[in-house]
Each structure stands twice: as structure tokens, then as C-alpha cells.
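Predicted, not measured: the structure shown is a model, and the values here were computed from it.
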Protein chains: 2
Amino acid sequence: MNQSKNTKEHILDVSLKLFSEKTYYGASIRDIAKAIDKRESSIYNHFKSKEEIFEQLILKFSSRNFGPLILTDQLINIISKPEKFFILLSENLIHFWNSEEERMFIKILLAKNSNGESKKYYSIENYLNDFKALSEFIFREMISHKFIKKMDVVVLSQEFISPLFLAAIELILGLKSETIQKSLIKNHVEFFWNSVKK
Amino acid sequence: MNQSKNTKEHILDVSLKLFSEKTYYGASIRDIAKAIDKRESSIYNHFKSKEEIFEQLILKFSSRNFGPLILTDQLINIISKPEKFFILLSENLIHFWNSEEERMFIKILLAKNSNGESKKYYSIENYLNDFKALSEFIFREMISHKFIKKMDVVVLSQEFISPLFLAAIELILGLKSETIQKSLIKNHVEFFWNSVKK
DNA sequence: GTCTATAGAGAGATAGAC
DNA sequence: GTCTATCTCTCTATAGAC
């Protein structure tokens, strides 16, 4: 959305918005050209096809490293207080998923089938796995420091992340208000903590 | 897909498939006409627009009563054995969500924004609420019969349903194999049961 | 790198015959 | 209720001037 960016970046920015609003098929090259205030033909100077815009958009987002945005210093400092830690971790995750840009990317992943033509695309499953990997790392640390019970970190990750991410999806696709999230986090962490505390 | 059905039903059947594969924008009236082996103009004898086909499709699915398909007699018979009950309940849910027709409907809901133009449409949030309502009813019964701990049924439903439904989404949109579900159910119910048993 | 102009296909929808 | 024929608009993409 930044006018000073180069045209290629600008195209990717508006495509993210348009693809997330109207899906890949519903957003046209014409819409994209209008949004960057250029002609359709100019688009083809930067991308060889609409498909390529989509591919590069997915690539750009799937190759980020969001770890430091979730695993903040503030969070790491309280790892010895697991209940507080889980609250803050949940807040960091929800905050990340609720950001304008991330909501748009998640919408695109949800509207996209991995069906057909091999596994060339990044799917919502890959996306979730990135977060599960992060949380498995956390749980491994917590177990080795005996802050929580010894349990399967894959199961822990799934149980911890699923209610949070599903709530994020509902918020992104639906009309659910953001204030609901606060009590959801509180209830979820309370339930989870009761199951994992020593 | 049944040739003996009337044309209107036939249109709704193929539209479910096409909308789920290519989204609302990507599936054309022409595609639909081809799929029912009629001309485009014939479609307009049954629906006034493409938009109306979509609306009636959502309406048809959102006004079903799937309760008896989940809450089977076999399931109700073992309500006094909660752990077994939760396993079978999970299997019933996953089986329902994995059926051909349901996968297509869920895909359509996931590709659809509730954004803009009021709340006229049924969203994934409404869909999930239908299942949560069912499971809240179950937990209320279990608590009143003292089969499980006294806890907030809204929290219990969320914690019980979320990992299962999110796994269903991953299966529907991704490449995850169906066999993974069995161990997921086992792990999830074990985790859940440990938190709710008296 | 952006423009004008245009090709060629496909979109949603309607009129009117049968 | 289905057909043929057609309207009008939009789509992706390319050629060639500046």
C-alpha cells in the first residue's frame, strides 16, 4: 500500500488484499491494475501471468520467519511461570493472526484447495505446522526444565493451538467480535494448564 | 448427481461440486450447464441468477438437522462410559465431516467471506455453533448424571470440538491422509478425558 | 517501464421459437 | 422446460509506440 515501493511490491500488496476479498478467480488483473493506478499491460512487465502473482504471493508469506514475533523476549522471560507464559503466548498468537496482513493471507489459504496438480503449493496445513513446530519446541523446553508434566509434545501442541487457531478463523471469516477472544484465551489456558501442571 | 432427480436439484448438486472446487467466482453458469448437460439458458428457468443458486445451496445445507447422524443410538447407549463415548462421538463427527458432500460444503464456507453486505449469509461460525450446541447438550447431560466433573459446558465444547474440526479442515484443504485421524482421535480423547474425569 | 490498442475467449443474462 | 441465437460486458494476454 506504500506508494514509494517499487511496482512489483505494490502489485503483491494489492493482490493480497484483492485475492483475500474475492478469491483468486474473483480478483482480476484489471482490478489489480486499477488498484495500483496503472494499465493492465504494465502488470505483465513484472509477472508473466496472474498465476505467477499468486505463486509469488504465497512464496513471500510462506518463507517468512515469524518465530521472533511470537517468541518475544518478554515471553521467554516468564517461561518458569507456565500459566502466565501460556496466557502471553496465546495473546501473541492471536495478535499475530489478527493483524490485517495475516488475516488476508489466512483467507487466501482457506479459499485455496491443494487439490489436483501435485503439492506445489503451500497449504493451511503447512502454515499450521509452522506454528506447531514452534510450540513443540516450547513444550520440549518446559518438560526438560520440569515446568510441566512429561507428555507427548505433538499432542500438547495440537491441544494448545487448535482452539486458538480455530477462534482466529472464526474471527477472520465471520462476524465474531474481537473482545470474545480475551475470555476465550482465559478459559482455554485454564483448561489446558489444569491438564499439564505437575 | 442422480440423473433421475429434477433439474433444480441436479443444478444444486453440480453447483455444490463446482463452487467447492473453483469457488463462487471460478465456477461459471456455463460450467454448471455443461455438468447437467443442458444449455445455460435452461438454468434461468430454475434460478433467476448465479447468486440465487449459491444462496439456495447455503440455505439447503444450513437448514438440515444433522443431530441424529451424530447422536446415534449406539452412541447414546454408552453415555455412562464417557471415555468410550468420547471416542465414538469423535469418530461420528469426523466421519460426518469427511463425507464427500460435507467436505464440499465446508470448502464453500471456508472460501466465503461474511464481510460486507450484512449478515445475510450463513458462515463457518454458524456452522460450528450448530455442532457446539449439540455438544453442549451432551455435556450438560453428562454433568447432571455426574459422569464427568462439573465444568462450563461452553468451554468443554470448545475444547472438545476444536482439535477435531481443525483436523477435518486440514484434511479437506490439504493432503493429510485419513489414517492420521485415528491416532489424533485417540490422543485427543485421552487428553480431554484426563481433564474432565471425576 | 508504461502506455494505447486490440485480439480472442469467456462471462452472466435475455428474447423468442418450439 | 429446453432450445438457438445473441447482447453486452469482462477476462487474460500480447504487439508495438514512446
Side-chain angles (χ1 to χ4, degrees), chain A residues 1-60 107-108 111-113 115-117 120-121, chain B residues 1-60 107-108 111-113 115-117 120-121:
Chain A
M1 329 295 180
N2 188 339
Q3 289 295 97
S4 67
K5 272 181 186 162
N6 65 44
T7 303
K8 186 163 183 171
E9 281 298 315
H10 200 181
I11 291 169
L12 288 174
D13 280 348
V14 305
S15 297
L16 173 68
K17 179 168 183 289
L18 292 168
F19 287 151
S20 77
E21 283 170 359
K22 306 214 289 171
T23 80
Y24 175 77
Y25 300 99
S28 67
I29 292 284
R30 225 157 264 194
D31 293 333
I32 295 168
K34 212 170 286 169
I36 63 163
D37 201 29
K38 297 232 157 69
R39 303 294 153 184
E40 290 101 279
S41 53
S42 297
I43 308 274
Y44 294 93
N45 232 298
H46 305 278
F47 300 92
K48 74 172 208 290
S49 65
K50 181 179 167 182
E51 181 73 20
E52 202 194 50
I53 299 176
F54 189 82
E55 280 171 17
Q56 293 205 25
L57 197 54
I58 300 288
L59 186 65
K60 176 183 165 185
K107 261 190 201 173
I108 288 176
K112 188 175 75 57
N113 296 333
N115 74 7
E117 47 228 70
K120 77 176 172 192
Y121 277 143
Chain B
M1 328 294 181
N2 187 339
Q3 290 294 99
S4 67
K5 271 180 186 164
N6 66 44
T7 303
K8 186 162 184 172
E9 281 299 315
H10 200 179
I11 291 170
L12 289 174
D13 280 348
V14 304
S15 297
L16 173 68
K17 180 166 183 289
L18 292 168
F19 286 150
S20 79
E21 282 169 0
K22 306 213 289 172
T23 79
Y24 175 76
Y25 300 98
S28 68
I29 291 285
R30 231 156 258 197
D31 292 334
I32 295 168
K34 212 170 286 168
I36 62 163
D37 201 31
K38 297 232 156 71
R39 303 295 153 183
E40 298 100 89
S41 53
S42 297
I43 309 274
Y44 294 93
N45 233 298
H46 304 278
F47 300 92
K48 74 173 208 289
S49 66
K50 181 180 168 183
E51 181 72 20
E52 202 194 51
I53 298 176
F54 189 80
E55 280 171 18
Q56 292 205 24
L57 197 54
I58 300 288
L59 185 66
K60 176 183 164 184
K107 261 190 200 173
I108 288 176
K112 188 174 76 56
N113 296 332
N115 74 7
E117 48 228 70
K120 77 176 174 193
Y121 277 142

Margin query: Using side-chain heavy atoms (C-beta onward) and a distance below 4.5 Å, is B/Lys60 in contact with B/Gln56?
Written below: no
Check: Donor-acceptor pair under 3.5 Å: do we get one between B/Ser41's side chain and the base of D/dT4?
Finding: yes
Checklist line | B/Tyr25 OH to D/dC9 P, straight-line distance once rounded to whole Å | finding: 21 Å
Check: For C/dA11, does either OP1 or OP2 sit under 4.0 Å from a side-chain N or O belonging to B/Ser28?
Finding: yes
Notebook entry, point to check: Can you check the A/Glu40 CD to D/dT12 P distance for me, whole Å?
Noted result: 9 Å
Notebook entry, point to check: Counting side-chain heavy atoms from CB outward, which of D/dT12, C/dA13, D/dC3 is closest to A/Lys50?
Noted result: D/dT12
Note to self: Whole angstroms only, please: what is the CD1-P distance between B/Ile53 and C/dA13?
What the structure shows: 9 Å
Item checked: Length of the line joining A/Ile29:CD1 and D/dA13:P, which is rounded to integer Å -> 6 Å
Check: Do the rings of A/Phe54 and A/Tyr24 sit parallel, tilted or perpendicular, given the 30° and 60° boundaries?
Finding: perpendicular
Notebook entry, point to check: Does a nitrogen or oxygen in the side chain of B/Arg39 sit under 4.0 Å from OP1 or OP2 of D/dT4?
Noted result: yes
Item checked: Spacing between A/Arg30 atom CZ and C/dC3 atom P, to the nearest angstrom -> 15 Å
Next item on the list: Choose from D/dT12, C/dG12, C/dC3 the nucleotide whose nearest atom is closest to any side-chain atom of A/Lys38.
Entry: C/dC3
